[in-house]
K.L.:
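Have a look at the structure that comes next, please.
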Amino acid sequence: MCAITAGQRGRRVLVLDCANKPGKKILMSGGGRCNFTNLYVEPENFLSDNPHFCKSALSRYTQWDFIELVRKHHIAYHEKTLGQLFCDNSSKDILEMLLHEAEQAGVTLKTRCAITKCEVSEEHNGSYRLQTNQGEIITDSLVVASGGLSVPTLGGSDFGYRLAEQFGHQLVPLRPALVPFTFSDGFKLLSEKLSGVSVPARITVSKQEFLENILFTHRGLSGPAVLQISSYWREGQSVQVDLLPAIACLDYLIKQKAEQPKALLRTVLSQLLPRKLVLELEALWWPLQAEKPLAELSGQLLEDIAEKLNSWDLKPSGTEGYRTAEVTLGGVDTRDVSSKTMESQKQPGLYFVGEVLDVTGHLGGFNFQWAWASGYAAGQVV
Ligand SMILES: Cc1cc2nc3c(=O)[nH]c(=O)nc-3n(C[C@H](O)[C@H](O)[C@H](O)COP(=O)(O)OP(=O)(O)OC[C@H]3O[C@@H](n4cnc5c(N)ncnc54)[C@H](O)[C@@H]3O)c2cc1C
């Protein structure tokens with residue numbers, strides 16, 4: 001996006017990518033359909049140590065600007081849920097659109113080009129001198145758009161962070177985000193047995209909560225609600241899972257006991273939750289009363305079960321890490337970067353855009369929107 005914008009202004013632009021082909025994350029994103037933006041982009045959808053930083057760029061290149069570009073290229077898309085826009089056909093449509101725009105703007109793209117060294121060259125009036133496996137490059141402006149550590153097989157690398165540090169930038173600590181939780185306690189066995197079961201749930205950590213689906217996996221918990229909350233979770237914390245977010249469980253169970261005293265608790269709960277899940281919860285929470293009718297279950301037991309259904313306390317042992325994390329939380333501290341131009345305030349002519357910066361979006365197309373918006377901001381001035 002930065003290259004396109006700068007190229008359209010008549011700048012001579014060279015994009016260097018060490019990968020064998022461009023846009024690998026675009027191709028893999030959104031399950032192959034690229035969740036390219038969101039209808040409801042707000043600064044509140046982004047995490048950063050400096051929460052105001054993202055506002056300027058997001059307001060100057062909005063989701064509507066990107067949607068207009070997608071429409072101009074006649075790419076069919078749809079809203080999946082919660083404002084998330086996906087291609088009808090394939091992520092390839094988005095990549096081809098960007099490559100076409102870049103070509104039109106006169107951008108040159110070099111793949112398989114690894115940068116081995118970057119320095120300011122006094123003999124070239126303070127320009128940047130890059131050593132690469134395809135020769136030396138001298139440039140006045142250098143835009144770092146090298147992304148984060150997530151998914152090394154798709155190009156995740158620490159290059160941008162090292163370069164930032166080389167020029168005196170601080171890093172906000174890095175951690176994998178939008179990533180599934182793993183467990184080492186008894187829950188691991190349970191999640192293995194329930195692998196593939198998905199239910200809508202409210203998941204909470206500290207004061208942050210998300211209401212979307214959770215998915216049991218053979219390693220632990222995944223699904224959109226879990227990926228979202230992982231950006232707020234820290235080692236050692238518990239998460240609370242409300243399996244019946246629309247229902248006050250105790251009231252419901254008391255009512256069922258009065259109306260269907262002969263029914264079993266599992267029968268009543270199976271009307272609200274997948275039976276497979278109810279059977280596992282039964283084995284965990286009321287194994288001795290499994291065959292007793294509701295009439296024989298004490299008020300205290302119903303209270304305990306209702307409490308767990310509405311606020312199940314789970315303690316992840318960790319996350320699946322960068323191998324599967326969709327993004328890297330933290331990054332180049334934005335306090336030393338201009339929010340208007342993305343230029344370093346420590347090193348003239350050096351710019352940072354996209355995920356390498358300490359701006360991390362929620363799940364739902366926000367990370368791409370940040371990449372488009374910050375790239376556009378730099379492209380206008382670079
Ligand atoms: C599996 C997966 C699915 C995702 N799905 C979505 C989604 O649907 N919607 C959404 O909004 N976000 C999604 N994301 C997040 C999104 O892909 C990223 O936030 C976004 O791509 C960041 O853009 P970027 O340009 O900053 O970095 P990247 O897209 O990561 O691009 C960085 C580029 O820099 C290159 N590079 C790295 N190091 C060097 C080096 N030393 N020399 C030269 N080149 C280098 C890489 O090869 C790569 O091409 C997903 C991420 C993953 C991993």
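One-based numbering, in listed order, for ligands and for the atoms of each. Quantities reported herein were computed from a predicted structural model and do not represent experimental measurements.
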K.L.:
Starting from the C-alpha separation in whole Å, work towards a yes-or-no answer on side chain to side chain donor-acceptor pair (under 3.5 Å) for His73 and Glu101.
P.N.:
CA-CA 10 Å; His73 284 258; Glu101 288 283 327; 2.7 Å; yes
K.L.:
Among all the protein's non-hydrogen atoms, which is closest to atom 27 (O) of ligand 1, and how far away is it?
P.N.:
Gly147 CA, 3.3 Å
K.L.:
Is it the case that more than 12 heavy atoms not belonging to Lys24 sit under 6.0 Å from its NZ atom?
P.N.:
yes
K.L.:
Could you check atom 46 (C) of ligand 1 against the protein and tell me its nearest heavy-atom contact, residue, atom and distance included?
P.N.:
Asp17 OD1, 3.4 Å
K.L.:
Please report which non-hydrogen protein atom sits nearest to atom 23 (O) of ligand 1, along with the residue it belongs to and the distance in Å to one decimal place.
P.N.:
Ala371 CB, 3.9 Å
K.L.:
Enumerate the atoms of ligand 1 whose separation from the nearest heavy atom of Phe366 is less than 4.0 angstrom.
P.N.:
11 (O)
K.L.:
How far is atom 50 (C) of ligand 1 from its nearest protein heavy atom, and which residue and atom name does that atom have?
P.N.:
Glu326 OE1, 3.8 Å
K.L.:
Looking only at distances, please establish whether an N/O atom of ligand 1 is found under 3.5 Å from an N/O atom of Glu355.
P.N.:
yes
K.L.:
Any idea which of Phe352, Phe36, Phe368 brings a heavy atom closest to atom 7 (C) of ligand 1?
P.N.:
Phe368
K.L.:
Evaluate Gly155 for polar contact with ligand 1, using N/O atom pairs at a separation under 3.5 Å.
P.N.:
no
K.L.:
As a check for students: among Val151, Leu357, Thr153, identify the option with a heavy atom nearest to atom 53 (C) of ligand 1.
P.N.:
Val151
K.L.:
By number and element, which atoms of ligand 1 are closer than 4.0 Å to a non-hydrogen atom of Cys113?
P.N.:
43 (C)
K.L.:
Do me a favour and list the nearest non-hydrogen protein atom to atom 32 (C) of ligand 1 with residue, atom name and distance?
P.N.:
Ala145 O, 3.3 Å
K.L.:
Mark up the atoms of ligand 1 that fall under 4.0 Å of a heavy atom belonging to Asn35, in ascending order.
P.N.:
7 (C), 8 (O), 9 (N), 10 (C), 11 (O)
K.L.:
Using distance alone, with no hydrogens and no angle criterion, decide if Ser127 and Asp140 have a side-chain donor and acceptor under 3.5 Å apart.
P.N.:
yes
K.L.:
Working note: Asn38 + Asn45, criterion side-chain contact (heavy atoms from CB on, under 4.5 Å); need CA distance, chi angles, decisive distance, verdict.
P.N.:
CA-CA 10 Å; Asn38 193 292; Asn45 297 117; over 6 Å; no
K.L.:
Should the pair Lys188-Glu192 be classified as a salt bridge under the 4.0 Å nitrogen-to-oxygen rule?
P.N.:
yes
K.L.:
Less than 3.5 Å apart, any donor N or O on the side chain of Tyr376 or Gln380 sitting next to an acceptor on the other?
P.N.:
yes
K.L.:
For atom 1 (C) of ligand 1, what is the closest protein heavy atom, and at what distance to 0.1 Å?
P.N.:
Leu154 CD1, 4.1 Å
K.L.:
Any non-hydrogen side-chain atom of Ser150 less than 4.5 Å from a side-chain atom of Lys25?
P.N.:
yes
K.L.:
Please list, in number order, the atoms of ligand 1 under 4.0 Å from a heavy atom of Ser146.
P.N.:
32 (C), 34 (O), 37 (C), 38 (N)
K.L.:
In the structure I gave you, are the side-chain heavy atoms of Leu309 and Leu281 within less than 4.5 Å of one another anywhere?
P.N.:
yes
K.L.:
For atom 38 (N) of ligand 1, what's the nearest protein heavy atom and its distance?
P.N.:
Ser157 OG, 2.9 Å
K.L.:
Using a 4.0 Å cut-off to any heavy atom of Ser29, which atoms of ligand 1 qualify?
P.N.:
3 (C), 4 (C), 5 (N), 6 (C), 7 (C), 8 (O)
K.L.:
Find all atoms of ligand 1 within a distance of less than 4.0 Å from any non-hydrogen atom belonging to Gly30, and give their numbers and elements.
P.N.:
5 (N), 8 (O)
K.L.:
Measure the distances from the heavy atoms of Gly365 to every atom of ligand 1 and state whether one is below 4.0 angstrom.
P.N.:
yes
K.L.:
Check for me whether the distance between the ring centres of Phe368 and Trp372 falls short of 6.0 Å.
P.N.:
yes
K.L.:
Counting only heavy atoms, tell me which of Phe159, Trp372, Tyr322 gets closest to atom 41 (N) of ligand 1.
P.N.:
Phe159
K.L.:
Can you confirm whether Glu355 sits close enough to Thr328 that some side-chain heavy atom of one is under 4.5 Å from a side-chain heavy atom of the other?
P.N.:
yes
K.L.:
With heavy-atom distances below 4.0 Å as the criterion, list the atoms of ligand 1 near Asn367.
P.N.:
11 (O), 12 (N), 19 (O)
K.L.:
If you have a sec, work out which protein heavy atom is nearest atom 40 (C) of ligand 1 and how many Å separate them, to one decimal?
P.N.:
Cys18 SG, 3.7 Å
K.L.:
Salt-bridged, Arg266 to Glu291, with N to O below 4.0 Å?
P.N.:
yes
K.L.:
Please identify which atoms of ligand 1 are closer than 4.0 Å to at least one heavy atom of Gly354.
P.N.:
26 (O)
K.L.:
Strictly below 4.0 Å, N to O, side chains only: are Arg335 and Asp358 in salt-bridge contact?
P.N.:
no
K.L.:
Could you verify whether a donor N or O on one side chain and an acceptor N or O on the other, from Arg71 and Tyr77, lie under 3.5 Å apart?
P.N.:
yes
